[in-house]
Structure formats: C-alpha cells, structure tokens
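Start at 1 with the first residue, then count along the sequence. Values below: every heavy atom of this structure, side chains too, minus hydrogens, waters and symmetry copies.
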Amino acid sequence: MSINENREAILKEIELKYDAINQKTDTHLEGLLWAKPINYWDYIQTDALLSLQTQRTTLPDEMVFIMYHQVNELIFKMILWEMQQICHSDNINTGFFTERIMRVSRYFDMLTTSFSIMEEGMEVEQYMKFRTTLTPASGFQSAQYRLIEFTSTDLINLIDNRFRGKIDRNTPYENAFEHLYWQAAGKDYTTGKKSFLLEEFERKYKEVFLKHMEKYNSINIWQKFKQLPELDQKNPDLVKAMRHFDHTVNITWVMQHLNVAIKYIDHSGKGDGEATGGSDWKKYMHPKYQRRIFFPELWSEEELANWGLEK
C-alpha cells in the first residue's frame, strides 16, 4: 500500500468513527490545526502530581511517609483498574483472567517489597514526633483498599470470623457492613460504640461502600471465576494465579505491613503501642485473627487451618 493509499484508508476510518457519533469529521480535523503537541510533563501531569505533598511538621522523614502512602494509593488504583476489567468482561477466557490476576499480584508483590522504604527509610525518633500530628488519621482509612476487597470476593469472606454463622448472601448489605472484619479495629461490639476513626471513615465512604458491595455481589472476582466453565475453573495456571493473589494480599502483604507497624508503633517492645487512629491494630492486621481469605474453596483444609500461621 502506498503512502497516499494508506492516508486515504486512515481518513476513511476517521470518517466512520465520527459518523458513528454524529460528528463532523472536518470540524475535528480542523481542530488538529490548533492542538498543541503533547509533552511528557503535561501528559503525566508532573507539576500537579509533585504539588500534592504537604507536610504538617518540619521533620524531613514525614515527606517519605506522605509520598510512600500516595504511591500506595496510585498502585491501589492500578489494581482496581485491572480487577474491573475481569469483573465487567463478558465471555471472559482463562488466559485474560489469569493475566489480569497476575498483574494484580505483581502490584501487591511490589507493595510488599516496597515496605522497606518505610521500614529502613525513616528514623523512629522522627516518626514518633510527626505521627502525633496525624491523629486521628490512619492508613485504616484507605477507601481504595476496601474497594479492592469488595471487588475480590463474596462478602461472607470479609465478615468478622466471630459473626460469619449469622451472615449469608441474603443478609441486608447494611447489616453485613456492620460486621465486616475491619469494624473490629474501631468498634466495641459489647456496647456498639464506634471510635472517631471509624465514624469519620463511614461518614465519608459508607454510601460508596454499600453501593459497591451491591454492584459487585454477583460480579466480584470469585463470582466471575465460578461463572467460568467447570473445565476452565480447573485450569492450573488460573488456579495458581488465584491462590497467589489470595496469599499475597491476605498474608504476605499484611504481615510485612504488620512488621513495619511493630517497628514504629511498638518500638519499645512492650506491646502497648497505639495506632494514630486508636485502632486495635494487631488484631485488625494479623491474618490469623480475622482469617481474610478471598477464595477459601481453592485451599486445602490443612492450609485453611494454618492460615496466617506460617513462619
């Protein structure tokens, strides 16, 4: 095909594109005359991105803390982007499913290894000073992480282990929400009283969470897996990818997070360190307590019994 023929073919495709949305091709072509060339800093929005770090103190290591958590939130957005492709795909095949799950796992693998940035990259003395200015904010309040959980599995697998016998797929979302495992970090189940940390979190995101819970009830990652043909559900590569994702998110990443928290929050070794939001962080974070397992049917009885207890 000659250059002119190729140009004609491209112009024809452009006309078909704009005809499909009742737009005038000539108008859009004329617009190209005035459009400025794209550059890296405008495309990535570098200036805007680098203006988002605002310290509350004069301590240098607070900047490490801020930027690290902002990077985490960007990675969480990437994870949700990949997961949503699975959840909203019709007639999904195992190759696409497996590749997207492994992408998500690689993001969490990166998050796991990146904890060394905080673990080795901040002075405990500086952290113990600037953390007081963060109260009552807490990493607990990452809404995107909660959306990742809702997108991954059935709600029953996110219910506090003590209450799962009272919850099923017919339980109203509002009631299920009140018994999610992370409620234990900010709620006294004896009195029903919630901490300020939890109240503020729910004030901001509860409506979003309830809508997401309902929307992904039948299209979360586990449900999409169960909708595959039976033979595809036994695909070794897909099963391996699902198990890797489950283990990475709910054990490897969580335990690394816990170890960093212990270094900074409980640096005295007395076990009495308190999180900025006042949460019972050890019981909230350790997988052996709440047994966060996205895909329990993919694990053996022995593996389930020892969940979170491996060395």
A.B. asks: Could you give me the CA-CA distance, side-chain angles and deciding distance for F294 and H247, then say whether side-chain contact (heavy atoms from CB on, under 4.5 Å) is met?
C.D. replies: CA-CA 9 Å; F294 290 158; H247 188 275; over 6 Å; no
A.B. asks: Is it true that M67 and F65 fall in one hydrophobic cluster, defined by side-chain heavy atoms closer than 4.5 Å?
C.D. replies: no
A.B. asks: Please find the pair of heavy atoms, one from S218 and one from Q223, that lie closest to each other, and give the distance.
C.D. replies: O-CB, 3.5 Å
A.B. asks: Name all residues meeting the side chain to side chain contact (heavy atoms under 4.5 Å, CB included) criterion together with E5; count only those two or more places apart in sequence or in a different chain, and write none if there are none.
C.D. replies: M1, S2
A.B. asks: Is it true that a side-chain atom of N39 and a backbone atom of D42 form a donor plus acceptor pair closer than 3.5 Å?
C.D. replies: yes
A.B. asks: Charged N to carboxylate O below 4.0 Å: is that the case for E13 and K17?
C.D. replies: no
A.B. asks: Would R146 count as a cation-pi partner of F140, with NZ or CZ less than 6.0 Å from the six-membered ring centre and within 45° of the ring normal?
C.D. replies: yes
A.B. asks: May I ask you to check whether F177 and F150 place their ring centers less than 6.0 Å from one another?
C.D. replies: no
A.B. asks: With a 4.5 Å heavy-atom cut-off, do Y145 and W182 have their side chains touching?
C.D. replies: no
A.B. asks: Filter on salt bridge (Lys or Arg N to Asp or Glu O under 4.0 Å), then keep only pairs touching residues 170-179, sequence neighbours left out; what's left?
C.D. replies: E174-K206, E178-K187, E178-K194, E178-K206
A.B. asks: Cluster question for you: counting only ILVMFWY and a side-chain heavy-atom cut-off of under 4.5 Å, with indirect links fine, are I101 and I75 together?
C.D. replies: yes
A.B. asks: For N157, what residues pass the side chain to side chain contact (heavy atoms under 4.5 Å, CB included) criterion, not counting sequence neighbours?
C.D. replies: T153, D154, P296
A.B. asks: For side chain to side chain donor-acceptor pair (under 3.5 Å), just list the numbers for W222 and N220, CA-CA rounded to whole Å, side-chain angles, deciding distance to a tenth of an Å, and then say yes or no.
C.D. replies: CA-CA 6 Å; W222 178 244; N220 61 64; over 6 Å; no
A.B. asks: Can you tell me if CG on L50 sees more than 12 non-hydrogen neighbours from other groups inside 6.0 Å?
C.D. replies: yes
A.B. asks: Below 4.0 angstrom, N of the basic side chain to O of the carboxylate: do E8 and K12 qualify?
C.D. replies: no
A.B. asks: Any idea which heavy atoms bring H179 and F163 closest together, and the distance?
C.D. replies: CD2-CG, 3.6 Å
A.B. asks: Compute whether any side-chain donor of one residue and acceptor of the other, for E73 and S142, lie under 3.5 angstrom apart.
C.D. replies: yes
A.B. asks: For Q85 and E82, run side chain to side chain donor-acceptor pair (under 3.5 Å): C-alpha distance rounded to whole Å, both residues' side-chain angles, the deciding distance at 0.1 Å, then the answer.
C.D. replies: CA-CA 5 Å; Q85 291 181 60; E82 300 293 351; 3.2 Å; yes
A.B. asks: Would you say L111 and I79 make side-chain contact, with heavy atoms under 4.5 Å?
C.D. replies: yes
A.B. asks: More than 12 non-hydrogen atoms from neighbouring residues, nucleotides or ligands closer than 6.0 Å to CD on E120, yes or no?
C.D. replies: yes
A.B. asks: Which atom names give the shortest non-hydrogen contact between Q53 and L49, and what distance separates them?
C.D. replies: NE2-O, 3.2 Å
A.B. asks: My understanding is that only residues two or more places apart in sequence, or in another chain, count here; which of them pass side-chain hydrogen bond (donor to acceptor under 3.5 Å, both in side chains) with R291?
C.D. replies: none
A.B. asks: Could you tell me if the ring centre of F295 sits under 6.0 Å from that of F225?
C.D. replies: no
A.B. asks: Whether D26 and K24 form a salt bridge (side-chain N of Lys/Arg under 4.0 Å from carboxylate O of Asp/Glu) is what I want to check.
C.D. replies: no
A.B. asks: Just do the side chain to side chain donor-acceptor pair (under 3.5 Å) check on E202 and Q183 with the steps written out, would you?
C.D. replies: CA-CA 10 Å; E202 292 183 3; Q183 290 274 349; 3.0 Å; yes
A.B. asks: Do the rings of F76 and W253 sit parallel, tilted or perpendicular, given the 30° and 60° boundaries?
C.D. replies: perpendicular
A.B. asks: Keeping to residues at least two apart or across chains, list the salt bridge (Lys or Arg N to Asp or Glu O under 4.0 Å) pairs with something in residues 45-56.
C.D. replies: none
A.B. asks: With sequence neighbours left out, what residues match N93 under side chain to side chain contact (heavy atoms under 4.5 Å, CB included)?
C.D. replies: F96
A.B. asks: Hydrogens and angles aside, do T27 and Y18 bring a side-chain donor and acceptor to less than 3.5 Å of each other?
C.D. replies: no
A.B. asks: Would you check if E303 and R243 make a side-chain contact, meaning some heavy-atom pair closer than 4.5 Å?
C.D. replies: yes
